[in-house]
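Below you'll find the structure, written out as structure tokens, and then a few comments.
Because the structure is predicted, anything quoted here is derived from the model rather than measured. Quick note on labels: first sequence line is chain A, next is B, and so on, each numbered from 1.
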Amino acid sequence: MANVIFRHRDVENIKELDVYLENGGYEGLKKALSMTQAEVIEEIKKAVIRGRGGAGFPAGLKWSFMPKGDVEKYLVINTDESETGTFKDREILEYNPHQVIEGALIAAYAMGAKTVYNYWRGEYMDAAYSCEKAIKDCYAKGILGENIFGSDFSCDFHNHFGAGAYICGEETALLSSLQGNLGQPWSKPPFPAQAGVYGKPTTVNNVETLANVPPVMVNGADWYVNLGTDQSNGVKIVCMSGHVQRPGNYEVEMGKVTYRELIYGEDYCQGMLDGKGFKALLPSGGSGPVVTEAALDSVVSFEGLNDHGSMMGSASVIVMDDETDMVWAALKMTHFFKHESCGKCTPCREGTFWLEKLLQRLVDGRGTEEDIKKLDRVAHQMQGKCLCALGEFAVSPAISTLKHFMHEYQAKVPSAMAVAAD
Amino acid sequence: MIKEKYAKEIESLFSRYPADQRRSAVLPLLHIAQEEYGYASDEAINEVAEIIGCDPTHVLSIAGFYSLYYEEEVGKYVFEVCNDLPCALRGADNIIKMICNKLGVQKDEVTDDGLFTVKNVMCLGACDCAPMMQVNLEFVNHLTEEKIDQLISDLRAAAKSGEDKPSVVQKILVQTHH
């Protein structure tokens with residue numbers, strides 16, 4: 001197991017400012033403040049911290065897109081963690097809020113942003129006490145507000161609570177929501193770095209991405225580049241859920257740990273629940289195509305599942321045992337996307353409705369061979385036709401289960417069952 | 001009227017956003033209004049619109065879009081049970097049925113005593129604690145029949161004695177406002 005983001009996991013009360021300071025807290029920010037803004041961006045660029053929300057876009061490069069100079073700019077933290085099976089940002093922020101505040105302040109300093117909004121999904125309000133307290137304590141100690149640590153850098157930090165909408169994890173939808181509108185994506189350009197919240201240059205970063213920043217500032221980009229693989233530097237928090245013995249968040253060095261080890265390893269989940277056999281896993285919540293036993297020896301990294309037609313994404317691994325009905329699982333995931341489609345693009349709004357309807361019919365034993373074909377057709381017609389990734393990913397449960405588990409679909413068709421019985 | 005009751009908190013809420021961007025406070029204000037009126041009632045919608053200075057239609061569309069706002073009356077305690085895949089793999093569908101049976105209601109109905117509503121919701125981001133639910137935004141993890149029985153009886157007792165602890169919205173959006 002790696003120990004970068006969770007290096008303080010065993011430190012009691014790390015959520016308290018004085019404890020965080022005693023454990024090397026805000027040293028990364030102090031170091032950043034002793035450098036120029038351009039030097040900080042260079043260092044983060046060199047470290048190649050790829051976005052941990054799933055898309056993998058390098059944070060330093062993203063920061064470098066922001067206009068230079070004294071214009072109003074914003075940093076927004078994406079704490080709208082809503083992908084099914086994902087619960088890493090909740091743990092990071094609830095147990096160690098200062099790590100994220102510090103990462104955000106380094107980012108804000110580098111880009112010249114004077115305001116940070118932390119956009120939480122409303123359902124995480126219960127996890128926000130420690131962060132609210134952390135903000136208050138930072139203001140009291142001169143770590144937030146005017147002239148941070150006596151420097152010329154001033155920055156405000158505000159929590160903002162959403163109200164239940166997966167789509168707000170998409171950055172332009174999030175920014176629309178932050179402005180008090182419906183959480184619907186807009187067509188890019190303009191990119192947020194050109195015109196984001198309130199029409200001002202804005203960068204949106206994932207919680208886990210920002211949590212990587214303080215240790216990189218302290219230990220240097222070279223240290224970070226030596227962790228992980230060529231294409232996947234550093235560490236990743238993997239959220240393990242479903243039919244495993246010990247569900248939870250596990251930190252791994254990218255490229256060093258396989259999905260099999262995560263499920264069966266002593267340091268990780270210690271095997272399947274009730275000793276059952278393994279059938280399949282979703283590596284990235286509902287958004288990454290399902291994979292089977294054949295993919296278990298792949299490593300966790302951005303490129304690790306390429307050969308199996310899937311992806312690490314946010315590393316929300318949902319494990320299913322050999323008794324799981326995969327058509328039912330596809331229905332569950334598709335229902336999620338139908339519920340969460342924001343309604344803006346017709347292929348997504350209507351397509352997810354039809355996918356669910358067809359899957360429900362098959363699960364209920366009322367489906368036909370034609371329904372299976374139609375499911376595949378509708379899914380492929382949706383692909384590439386929507387503004388944001390939701391519509392793109394919504395087809396993944398249907399398409400990937402059709403690919404690997406066609407026999408389970410066929411067994412659901414009544415006539416097929418009658419034929420099989422003869 | 002939340003405008004008077006929470007005047008200071010609302011002012012501090014607005015201070016988080018640029019002065020000409022009052023609309024940004026619509027989500028937190030609706031959380032507070034819903035807490036006050038029980039759901040996103042006409043009163044709640046109109047009041048939030050008045051505070052922001054926008055059309056009530058806009059606030060109504062917001063309340064309809066985001067799943068944490070209730071468009072119809074709900075019980076004092078809302079059991080929002082996750083039955084998304086990770087929770088469903090660990091028995092969430094049966095948990096919902098069990099809770100409904102114990103309370104004698106169907107999903108989305110209110111119990112006769114006005115205390116409970118059961119809803120099923122999408123992933124709440126606590127899949128390591130499945131099956132789970134949130135009760136008025138507070139997470140209740142690793143649900144078992146025993147835990148559910150205890151919770152229902154505790155909440156009935158709290159409602160009877162009128163000694164409710166502060167809600168999550170109270171603690172985060174009202175009390176902590178700096």
Side-chain angles (χ1 to χ4, degrees), chain A residues 81-87 89-90 117 121-129 132-133 135-136 139 156 158-166 177-184 198 239-243 247-249 273 282 285-286 316 318-321 324 328-329 332-333 335-336 339-340 342, chain B residues 13 15-18 20-31 34 40 52 54 58-59 61-69 80 82-90 92-93 121-130 134-139 167-169 171-173 175-178:
Chain A
E81 176 175 64
S82 310
E83 180 70 48
T84 303
T86 318
F87 44 90
D89 297 340
R90 177 174 58 94
Y117 288 116
R121 63 181 299 195
E123 295 91 333
Y124 276 5
M125 220 184 271
D126 191 24
Y129 305 126
E132 280 287 339
K133 181 169 188 300
I135 295 168
K136 224 176 244 182
Y139 271 104
D156 285 314
H158 305 292
N159 281 332
H160 178 95
F161 294 93
Y166 167 72
S177 176
L178 178 57
Q179 294 176 111
N181 296 319
L182 299 187
Q184 290 185 321
Y198 312 130
C239 314
M240 298 294 295
S241 69
H243 290 141
N249 285 317
L273 192 65
L282 287 155
S316 326
I318 307 171
V319 180
M320 290 167 276
D321 70 21
T324 309
W328 167 84
K332 279 274 174 201
M333 292 316 310
H335 172 70
F336 172 83
H339 186 272
E340 299 300 335
C342 79
Chain B
L13 204 53
S15 75
R16 295 183 176 194
Y17 313 101
D20 59 347
Q21 299 289 344
R22 294 172 70 82
R23 219 179 239 218
S24 275
V26 67
L27 297 181
L29 283 173
L30 264 174
H31 280 302
Q34 176 161 281
I52 292 174
C54 71
H58 177 70
V59 182
S61 75
I62 294 286
F65 186 86
Y66 294 92
S67 62
L68 284 178
Y69 304 125
E80 293 183 306
C82 171
N83 74 336
D84 228 331
L85 186 60
C87 275
L89 292 170
R90 286 178 167 251
D93 289 328
V121 296
M122 298 295 99
C123 184
L124 292 171
C127 322
D128 48 339
C129 307
Q134 60 181 1
V135 179
N136 298 4
L137 293 185
E138 192 170 328
F139 282 17
S167 69
V168 174
V169 169
K171 284 193 279 188
I172 293 292
L173 287 176
Q175 293 173 5
T176 66
H177 256 270
H178 43 264

key: B:S24 side chain reached by A:Y198 side chain, heavy atoms, under 4.5 Å   = yes
With A:F161, the side-chain contact (heavy atoms from CB on, under 4.5 Å) member among B:L173, B:L27, B:V169 = B:L173
inquiry  = I'd like to know if the side chain of A:Y129 reaches the main chain of B:K171, judged simply by a donor and an acceptor atom lying under 3.5 Å from each other, with no hydrogens or angles considered.
reply    = no
key: Proximity breakdown for A:M333 and chain B, heavy-atom pairs closer than 4.5 Å   = side chain
request  = Please round to the nearest 0.5 Å and tell me the distance separating atom CG of B:L85 and atom CZ of A:F336.
outcome  = 11.0 Å
message = With a 4.5 Å cut-off on side-chain heavy atoms, are B:F65 and A:C342 touching?
response = yes
inquiry  = Given heavy-atom pairs under 4.5 angstrom as the criterion, report whether the side chain, backbone, both or neither of A:E83 touches chain B.
reply    = backbone
query = Under a 4.5 Å heavy-atom cutoff, which of B:E80, B:H31, B:R22 has the most pairs with chain A?
reply = B:H31
task = Would you check if the distance from the ring center of A:H160 to the ring center of B:Y17 is below 6.0 Å?
result = yes
message = So for A:N181, is it side chain, backbone, both, or neither that comes closer than 4.5 Å to the heavy atoms of chain B?
response = both
ask   = What's the spacing between B:M122 CE and A:S82 OG if we round to 0.5 Å?
value = 12.0 Å
query = Among B:S61, B:S67, B:P28, which has the most heavy-atom pairs under 4.5 Å with chain A?
reply = B:S67
Criterion side chain to side chain contact (heavy atoms under 4.5 Å, CB included) on A:L273 and B:R90, from CA distance to verdict = CA-CA 10 Å; A:L273 192 65; B:R90 286 178 167 251; 3.6 Å; yes
note = Cut-off 4.5 Å, heavy atoms of chain B, and the answer for A:S177 is both
ask   = How about B:D128 and A:M240: do any of their side-chain heavy atoms sit closer than 4.5 Å?
value = no
task = Measure distances from B:N136 to the heavy atoms of chain A and classify the residue's part below 4.5 Å as side chain, backbone, both or neither.
result = neither
key: Nearest-0.5 Å distance that lies between atom CD in B:Q134 and atom CG in A:D126   = 8.5 Å
message = So B:R16 and A:N159, do their side chains get closer than 4.5 Å, heavy atoms only?
response = yes
note = Here the gap from B:R23 atom CZ to A:Q179 atom CD, rounded to the nearest 0.5 Å, amounts to 10.0 Å
ask   = For the atom pair NE2 (A:H339) and SG (B:C123), what is the distance rounded to the nearest 0.5 Å?
value = 12.5 Å
query = With only heavy atoms counted, which part of A:C239 is less than 4.5 Å from chain B, the side chain, the backbone, both or neither?
reply = neither
message = Taking side chain as everything from C-beta outward and backbone as N, CA, C, O, which of these in A:Y117 sits under 4.5 Å from a heavy atom of chain B? Side chain, backbone, both or neither.
response = side chain
ask   = Where does A:E81 contact chain B at under 4.5 Å (heavy atoms): side chain, backbone, both or neither?
value = neither
query = In terms of heavy-atom proximity below 4.5 Å to chain A, should B:D20 be classed as side chain, backbone, both, or neither?
reply = neither
query = With distance as the sole test, does B:D84 use its side chain to make a donor-acceptor pair with the main-chain N or O of A:T84 at under 3.5 Å?
reply = no
task = Show the numbers, then the answer: is there a side chain to side chain contact (heavy atoms under 4.5 Å, CB included) between B:D93 and A:K332?
result = CA-CA 11 Å; B:D93 289 328; A:K332 279 274 174 201; 3.1 Å; yes
query = So which of A:A165, A:P247, A:A127 has the biggest tally of heavy-atom pairs under 4.5 Å with chain B?
reply = A:P247
query = Could you give the distance from CZ (B:F139) to CE (A:M125), rounded to the nearest 0.5 Å?
reply = 11.0 Å
ask   = Given a strict heavy-atom distance threshold of 4.5 Å, which part of A:I318 is in contact with chain B: side chain, backbone, both, or neither?
value = side chain
